[in-house]
Amino acid sequence: MAVGKNKRISKGKKGGKKKAADPFAKKDWYDIKAPSVFNTRQVGKTLVSRTQGTKIASEGLKHRVFEISLADLQGDEDQAYRKIRLRAEDVQGRNVLTNFWGMDFTTDKLRSLVRRWQTLIEAHVDVKTTDNYTLRMFCIGFTKRRPNQVKRTCYAQSSQIRQIRRKMIEIMTNQASSCDLKELVQKFIPEVIGKEIEKATTSIYPLQNVFIRKVKILKAPKFDLGKLMEVHGGDSTEDVGMKLDRPAEEPVVEGDSEVIGA
């Protein structure tokens, strides 16, 4: 071996070993706030890297989509089969303000509804709300045995299915196009539209388990902070305390007041 060559053999690797940094040390927790139509407003927390150079934390949070069970949002375990999607629209302080971004059913609920000896009827329609949100709504329903029916099956004829589907589309369009997104979400929670379809189609063929099983938002209008604050009930993020009625101050009586040191 030539003298003076391979000097690096004893020195180890060039640059040395980098110290492993904890990635969570550079992140912050933010509170997720649900719209005022739901009973539970504080629904969870989300993590984001701190503002560093041109990477702003609030920009990393915007347009994140959170999927939350309606049971958690309403405090009612009977609603656990519905999943609500909320999208982060704005960041105020440590609060992330969200808005409705869709709805879905859990797989187990859908599977439990599908049975033998009945007809499954589905319909979907694209509708536009009064505040310019374009939604795609999916409806599902099942035929029901009539009271005192002897026959085991309750299959609907294809002409009846077409009539029922037409009625479903008509009701969904009327209900969605006559109100804004906030009012429409208030209709989804107690399943108002499903009950109306059930009532309207009784004359064609009695239905059961009629639900709006899925809602997608296809197109949203340009972001408007005023509208978002309306959805959140105009609540301010900082705690400003409660307003109290202050009693009127009693007038000071200027009379025979004793002068001390006179």
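Quick note: numbers below take in every heavy atom, side chains included, and nothing from hydrogens, waters or symmetry partners.
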Determine, step by step, whether V210 and I140 satisfy the side chain to side chain contact (heavy atoms under 4.5 Å, CB included) criterion, reporting the C-alpha distance in whole Å, the side-chain angles of both residues, the deciding distance to 0.1 Å, and the verdict.
CA-CA 6 Å; V210 182; I140 193 167; over 6 Å; no
Do [X] and [Y] make a side-chain contact, defined as non-hydrogen atoms from C-beta onward lying under 4.5 Å apart?
X    : Y    : value
F142 : L207 : no
H232 : K33  : yes
D28  : L47  : no
M172 : I193 : yes
L218 : L135 : no
I217 : Y133 : yes
E230 : S36  : no
F38  : L86  : yes

So, using ring pair (Phe, Tyr, Trp, His ring centres under 6.0 Å) as the criterion, who are the partners of Y205 when residues are at least two apart?
none
Just wondering, are more than 12 heavy atoms of other shown residues or ligands nearer than 6.0 Å to NZ in K216?
no
CD/Q52: more than 12 non-hydrogen atoms of other groups inside 6.0 Å:
no
[X] to [Y] - nearest heavy-atom pair and separation:
X    : Y    : answer
Q79  : I189 : NE2-O, 3.6 Å
D72  : T40  : O-OG1, 3.1 Å
A176 : V127 : CB-CG2, 3.5 Å
A25  : R50  : O-NH1, 2.9 Å
Q208 : T143 : NE2-O, 3.4 Å
I171 : E196 : CG2-OE2, 3.9 Å

Working to the nearest 0.5 Å, report the span between [atom1] of [X] and [atom2] of [Y].
X    : Y    : atom1 : atom2 : answer
K83  : L70  : NZ    : CG    : 12.5 Å
E59  : T51  : CD    : OG1   : 9.5 Å
I212 : K214 : CD1   : NZ    : 13.5 Å
D90  : K62  : CG    : NZ    : 5.5 Å
R41  : N95  : CZ    : CG    : 10.0 Å
R85  : M103 : CZ    : CE    : 12.5 Å

Between K109 and L113, does the side chain to side chain contact (heavy atoms under 4.5 Å, CB included) criterion hold? Intermediate values first, please.
CA-CA 6 Å; K109 174 68 178 176; L113 294 173; 4.2 Å; yes
Parallel under 30°, tilted from 30 to 60°, perpendicular over 60°: which one fits the rings of F188 and F100?
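F188 and F100: tilted rings.
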Grouping I, L, V, M, F, W and Y whenever their side-chain heavy atoms are under 4.5 Å apart, do [X] and [Y] come out in a common cluster?
X    : Y    : value
L228 : V91  : no
F211 : V192 : no
W101 : F66  : yes
V65  : I32  : yes

Go through it in stages, so that I can follow the logic: the residues are S178 and E183, the test is side chain to side chain contact (heavy atoms under 4.5 Å, CB included), and I'd like the CA-CA distance, side-chain angles, deciding distance and then a yes or no.
CA-CA 10 Å; S178 62; E183 286 168 23; over 6 Å; no
Salt-bridge criterion met for E198 and K195 (N-O under 4.0 Å):
no
Any Lys/Arg nitrogen of D31 or R94 sitting under 4.0 Å from an Asp/Glu carboxylate oxygen of the other?
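No salt bridge links D31 with R94.
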Would you find a donor on one side and an acceptor on the other, under 3.5 Å apart, between the side chain of K187 and the backbone of Q175?
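Side chain of K187 to backbone of Q175: a pair is present.
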Side chain of T46, backbone of Y30: donor and acceptor closer than 3.5 Å?
no
Taking side-chain hydrogen bond (donor to acceptor under 3.5 Å, both in side chains) as the definition, give me every residue that meets it alongside N132, ordered by chain and number, with sequence neighbours left out.
none
Against I84, only a single residue in V185, V43, L73 fulfils side chain to side chain contact (heavy atoms under 4.5 Å, CB included); can you say which?
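Of the listed options, the one satisfying the test is L73.
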Residues 150-169, side-chain donor-acceptor partners within the protein, below 3.5 Å, at least two apart:
residue	atom	partner	partner atom	Å
Q160	OE1	Q157	N	2.9
R165	NE	E122	O	2.7

Check against side chain to side chain contact (heavy atoms under 4.5 Å, CB included), I121 and T119:
CA-CA 6 Å; I121 302 161; T119 307; 4.2 Å; yes
Can you confirm whether the side chains of K144 and Q118 place a donor and an acceptor under 3.5 Å from each other?
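Per modelled atom types, K144 and Q118 side chains form no pair under 3.5 Å.
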